[in-house]
A.B. asks: 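The following block contains the structure, expressed as structure tokens.
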2 protein chains.
Amino acid sequence: MEVKVAVDAMGGDYAPAETVRGAVDAAVEFPQISIILVGKEEEIKRELISVKKEMENSSKPFPDDRISVVHATEVIDMGEVPTLAIKEKKDSSLVVAMKLVRDGQADAIVSAGSTGAILVGGQLVVGRIKGVKRPALAPFLPTKKGMSLLIDCGANVDAKPENLVQFAQMGSIYYENVMGVKNPTVGIVNIGTEEEKGNKLVKETGPLLKECKGVNFIGSVEARDIPLNPSNVLVCEAFVGNVILKLFEGLAKTFLGMIKSALYKSAKTKIGGLLIKKSLKEQLKSFDTSSQGGAPLLGLKGLVVKAHGNSKAYEIRTAIYQCITFKENDISNKIKEAVNTNE
Amino acid sequence: MEVKVAVDAMGGDYAPAETVRGAVDAAVEFPQISIILVGKEEEIKRELISVKKEMENSSKPFPDDRISVVHATEVIDMGEVPTLAIKEKKDSSLVVAMKLVRDGQADAIVSAGSTGAILVGGQLVVGRIKGVKRPALAPFLPTKKGMSLLIDCGANVDAKPENLVQFAQMGSIYYENVMGVKNPTVGIVNIGTEEEKGNKLVKETGPLLKECKGVNFIGSVEARDIPLNPSNVLVCEAFVGNVILKLFEGLAKTFLGMIKSALYKSAKTKIGGLLIKKSLKEQLKSFDTSSQGGAPLLGLKGLVVKAHGNSKAYEIRTAIYQCITFKENDISNKIKEAVNTNE
């Protein structure tokens, strides 16, 4: 099955060099992938030539027939107000790439650009699946044992209980199809596990999740247990999800940085570091985020994948790879069905 | 200045052994402290005799004249519904200890018992300062460089902007007096630093904080920066505060556990561990929570300090020590003044 992925070549801290490189890597590695690189043609072509040159001595051929370029004159910067950027920069790489998905010329779009613009563009350009009230950004969170899907981490805050129920449905379908776990468990992030605890939103959502077909609801999950993977899917409102995701990233980075400093402190600690390096890496590898690719924006008519802003070629490649599973498992249609059956 | 502290001897995972021990330690070390141990008299006295015996060969005398016991027949368990427990267990160690504060027989109460019961008891038994709309639980969060005060982490969720403004006022006063930092910076936890970002609560609170006298507001703070101490005081609604606090604790515990496992894996890694131990400890010591004592419940007529449920003698002692600063700096009156001036 051919999977056509539009790549926002200009989005991200290392664009276009790393986005182009990652896209080529994906096409080289996965024969079912076709890439449409969207952005400033001249810059993209320059990068393509350079990658091609590097690959001259490679055993794998450069996939010329599966890589095309669509020119877009504008770029949306990280600091721009998302709604304005999407409305005004009609010829930006992001909007043009999203239009390819809307018009059926691509199955998916991958972007490492502004999260806000991707969320707004997803809704305004690609469009919601009929019945989905609010799309949700759903990154995988690495834990001590496996991955949890955290849904929603987007920018649409102040959600209603019915939104959270749909997040649980969409998250369950995505987790089951991508991770191959039948009937994945769903927990709601709360400040205690007792039923009387929580804010208004959580208290109202709990009973609805209990009744919801296709959702294997296990109740409340406390934030302290998140690093231990208390449920496959973690449902929460976007503000809370964003705080969890960012604090998780920030703390992990700080801790790893401090360990590194401790190991590089003196000749003695450097020797110690050599002795424990392998063991430490093995222990901490479950927290490695580079293997996860991007976060899908679930609930849209086509697949929109948000890659981390600091993605390099490897992360872009992984984000593109994700699109295969999404299409092969027909996840959009499964979401459409689930959401409209439960109405 | 004498500081009388009522200690809930029966609250916490290691009560009464560690609570009694911690209370005696505090009285031994700080001559201005008087302790009233509240709980089952027989059990408390047994512990006191045992501590006294251990101290026989110590150079410091047992502070008999500054330690008294008040009998209470009941104990509030961790699993109980807070409002019911406070209303029905009138002779519990927690309620009796809080009444001592209400009646002016003690300046402060320290408890390592149920957080929910402490929050409810604080409001119902000790009572709010006139003008304070909602008291707030304010633990210190250890960061790479110094402590941040996270306010509110209590159980009163769904706060209003006016509540958050008072949290900022109370937090600033507490931080300034306890940490000795003039005009401490205040940030609001948000999902982005741009003004248009955030949920309804944060967007409405921002402008009020800008206008608020005595609050050195620096704007929004992202969760990813929390480990780097972006502001002295971090203001947020209790649900979000609780998630931050618990995730922080959970992740720190998981990471430290994984590092330990890596170091104990083989003979080789154990040697490596010995070489880096000191350097690693030094790096990570800023994240050590045992030196912080407890979290005050700010906005009440007397001081209520919530110690961590797993507190041992050292943490109880530190939580009691905190009460000295609180009284000496007249923090309750300063809060009363600030809150009523800004009305």
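Just so we're clear, the structure is a prediction, and the values are computed from it rather than from any experiment. Numbered from 1 within each chain, the chains take letters A, B, ... in sequence-line order.
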A.B. asks: With the side chain counted from C-beta on, respond yes when A/Glu282 and B/Lys265 share a heavy-atom pair under 4.5 Å apart, and no when they do not.
C.D. replies: yes
A.B. asks: Kindly give the heavy-atom pair with the smallest separation between B/Ala262 and A/Ser279, and that separation in Å.
C.D. replies: O-OG, 2.6 Å
A.B. asks: Contact part of B/Val202 toward chain A, heavy-atom cut-off under 4.5 Å: side chain, backbone, both or neither?
C.D. replies: side chain
A.B. asks: Top residue by heavy-atom pair count (under 4.5 Å) with chain B, among A/Ile191, A/Val157, A/Ile276?
C.D. replies: A/Ile191
A.B. asks: Heavy-atom distances under 4.5 Å only: say whether A/Leu228 touches chain B with side chain, backbone, both or neither.
C.D. replies: side chain
A.B. asks: Flag yes if more than 12 heavy atoms outside A/Lys203 fall under 6.0 Å of its NZ atom; otherwise flag no.
C.D. replies: yes
A.B. asks: Report the distance from atom NZ of B/Lys246 to atom CD1 of A/Ile244, rounding to the nearest 0.5 Å.
C.D. replies: 12.5 Å
A.B. asks: Which one wins on heavy-atom pair count under 4.5 Å against chain B: A/Asn199, A/Asn156, A/Leu245?
C.D. replies: A/Asn199
A.B. asks: Just so I know, are the side chains of A/Phe239 and B/Asn190 near enough to count as touching, which here means a heavy-atom distance under 4.5 Å?
C.D. replies: yes
A.B. asks: Just how far is it from atom CG of A/Leu274 to atom NZ of B/Lys268, taken to the nearest 0.5 Å?
C.D. replies: 9.0 Å
A.B. asks: What part of B/Ile226 gets within 4.5 angstrom of chain A, counting heavy atoms only: side chain, backbone, both, or neither?
C.D. replies: side chain
A.B. asks: Hey, which of B/Val243, B/Leu256, B/Val81 has the most heavy atom pairs under 4.5 Å with chain A?
C.D. replies: B/Val243
A.B. asks: Can you tell which of A/Ala223, A/Pro82, A/Cys236, A/Ser261 has the highest number of heavy-atom pairs within less than 4.5 Å of chain B?
C.D. replies: A/Ala223
A.B. asks: Are B/Leu275 and A/Leu275 side-chain neighbours, meaning at least one heavy-atom pair lies under 4.5 Å?
C.D. replies: yes
A.B. asks: Do B/Leu247 and A/Pro227 touch side chain to side chain, with heavy atoms closer than 4.5 Å?
C.D. replies: yes
A.B. asks: Between CD of A/Glu249 and CZ of B/Arg224, what distance do you get to the nearest 0.5 Å?
C.D. replies: 5.5 Å
